[in-house]
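Just below is one structure, and these are the notes that go with it.
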There are 2 protein chains.
Amino acid sequence: MTAHELTAVVTATYEIWMRTNALIMEALAGHRLTPATFQALWAIDPDEPPPSMKVMAERLYCNAPNLTFITNQLTERGLVERAVDPSDRRSRVLVMTPKGREVRAELLRTTLEKTPLGVLSESELRQLMTLLSRVIQPTTPISS
Amino acid sequence: MTAHELTAVVTATYEIWMRTNALIMEALAGHRLTPATFQALWAIDPDEPPPSMKVMAERLYCNAPNLTFITNQLTERGLVERAVDPSDRRSRVLVMTPKGREVRAELLRTTLEKTPLGVLSESELRQLMTLLSRVIQPTTPISS
DNA sequence: AGCTTTTGCTTCGAGGCTCGAAACAATGGA
DNA sequence: TCCATTGTTTCGAGCCTCGAAGCAAAAGCT
């Protein structure tokens, strides 16, 4: 039982996550976004085929009504648009607008600038990623 | 420019955090707790002197009104109690009840069992913690 | 084809979370 | 003593998340 080491790592993960969030809050507010809506924007890779609501809900670990709400926030801000999936007319896919593309790129840049993870060197980041990949392995993480 | 590696690490951090949360949700619900209230419980070490509201707000990256709300949730569930700090009668410290101690220990155990970080070996965890410590260290006095 | 079940999304209502502004008492300094 | 500051709470607003119910399209069955 290595409870102590594991506890420290879990705590550190929480800490880094919260700290990153705190540091980008101001930039998000500049676009009337919040952590929840930004995560949704992040989870859409504009260079991949647009994801359906269902896929997005899985990526964001939330349920369908919640995703409807988040999607409304993004469409009201002109960052994404709903489109009917021609292959299944029940399904709606989220298409990023040009403005959404811009805002996403800008905020992603800001996040990488501000995150405390940025203090690590390239080789340290690779080391870290090797370990984290093993943790995440089983299922598929969010894109980009 | 190591943007790609950094992006992957930030994404992985988010992913691990969300996945851990999802996996303990059921256990939390068993005590009528949520991620927010559980983090507050986690942030009180029952073997240390009880922290003040102000200290707790810093630990949880939230503001004073928010912490008042969270504290009310915990007191209503009989997990912590407010006490006046004798050295400064404006300040309230959060004292964990015996029940709070039990619930905290149980949920901490559950978290360590369920977190995907648990797949790592002891030596991998130490490696990981070495890297994360560098990230969290407030020792970045003069940057850029 | 017709009928039923399942699936993807939305609507609705309730409750939890988070914040800024304002209020209050205790503290500390001039 | 008087005034500014500090730690907390109250209030009101808006955001987030969920379960239940509803609707339309798709899939399955006979």
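Every chain is numbered from 1 and lettered A, B, ... according to where its sequence line falls, protein lines coming before strand lines.
- Side-chain atoms of Thr110(A) and Glu113(A) include no donor-acceptor pair closer than 3.5 Å.
- Contacts classified as salt bridge (Lys or Arg N to Asp or Glu O under 4.0 Å) and involving residues 67-91 of chain A (residues at least two apart or in different chains) are given here: Asp88(A)-Arg90(A).
- Atom CG of Asp85(A) is separated from atom P of dT7(C) by 17 Å (rounded to the nearest Å).
- A close approach under 4.0 Å does occur between a side-chain nitrogen or oxygen of Asn63(B) and OP1 or OP2 of dC19(C).
- Each of Met18(A) and Ser91(A) lies near DNA chain C, and the nucleotide nearest Ser91(A) is the one positioned closer to the 5' end.
- Here the C1' atom of nucleotide dG15(C) and the CD atom of Glu76(B) are 13 Å apart, to the nearest Å.
- The 5' end of DNA chain C is approached more closely, in terms of each residue's nearest nucleotide, by Arg77(B) than by the other of Cys62(B) and Arg77(B).
- The stretch residues 51-60 of chain B does not touch DNA chain C, since none of its heavy atoms comes less than 4.0 Å from the strand.
- The closest side-chain heavy-atom distance from Pro35(B) to Asn21(B) is below 4.5 Å.
- Nearest to the side-chain atoms of Asn66(A) among the listed nucleotides dC17(C), dG20(C), dC16(D) stands dC16(D).
- In this structure, Leu128(A) CG and Leu132(B) CG are separated by 6.0 Å, a value rounded to the nearest 0.5 Å.
- Nucleotide dC15(D) holds its P atom 19 Å from the CD atom of Gln39(A), rounded to whole Å.
- Side-chain contact between Arg59(B) and Gln39(B) is absent, with no heavy atoms from C-beta onward closer than 4.5 Å.
- Dashed line: the shortest gap from a side-chain N or O of Gln73(B) to OP1 or OP2 of dC17(C) is under 4.0 Å.
- A side-chain donor from one of Thr34(A) and Thr37(A) sits under 3.5 Å from a side-chain acceptor of the other.
- With rounding to whole Å, Glu26(B) atom CD is found 16 Å from dC18(D) atom C1'.
- When side chains are defined from C-beta on, Lys114(B) does not count as touching Thr20(B), because their heavy atoms never get closer than 4.5 Å.
- Rounding to whole angstrom units, CG of residue Asn21(B) and C1' of dC16(D) are separated by 14 Å.
- Counting to the nearest Å, the P atom of dC17(C) and the CD1 atom of Ile70(B) are 5 Å from each other.
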Write down the protein N/O and nucleotide N/O pairs, taken from nucleotides 24-30 of chain C, whose separation is under 3.5 Å; answer none if there are no such pairs.
residue : atom : partner  : partner atom : Å
dT27(C) : OP1  : Arg89(B) : N            : 3.3

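- The distance between atom CZ of Phe69(A) and atom C1' of dG19(D), rounded to the nearest whole Å, is 17 Å.
- Residue Ala64(A) is in base contact, counting any heavy-atom pair closer than 4.0 Å across all strands shown.
- Under 4.0 angstrom from either OP1 or OP2 of dT9(D) there lies at least one side-chain N or O belonging to Arg82(B).
- Residue Thr68(A) places its side chain closer to dT10(C) than to any other of dT9(D), dT18(C), dT10(C).
- In this structure, Asn72(A) atom CG and dC9(C) atom C1' are separated by 11 Å, rounded to whole Å.
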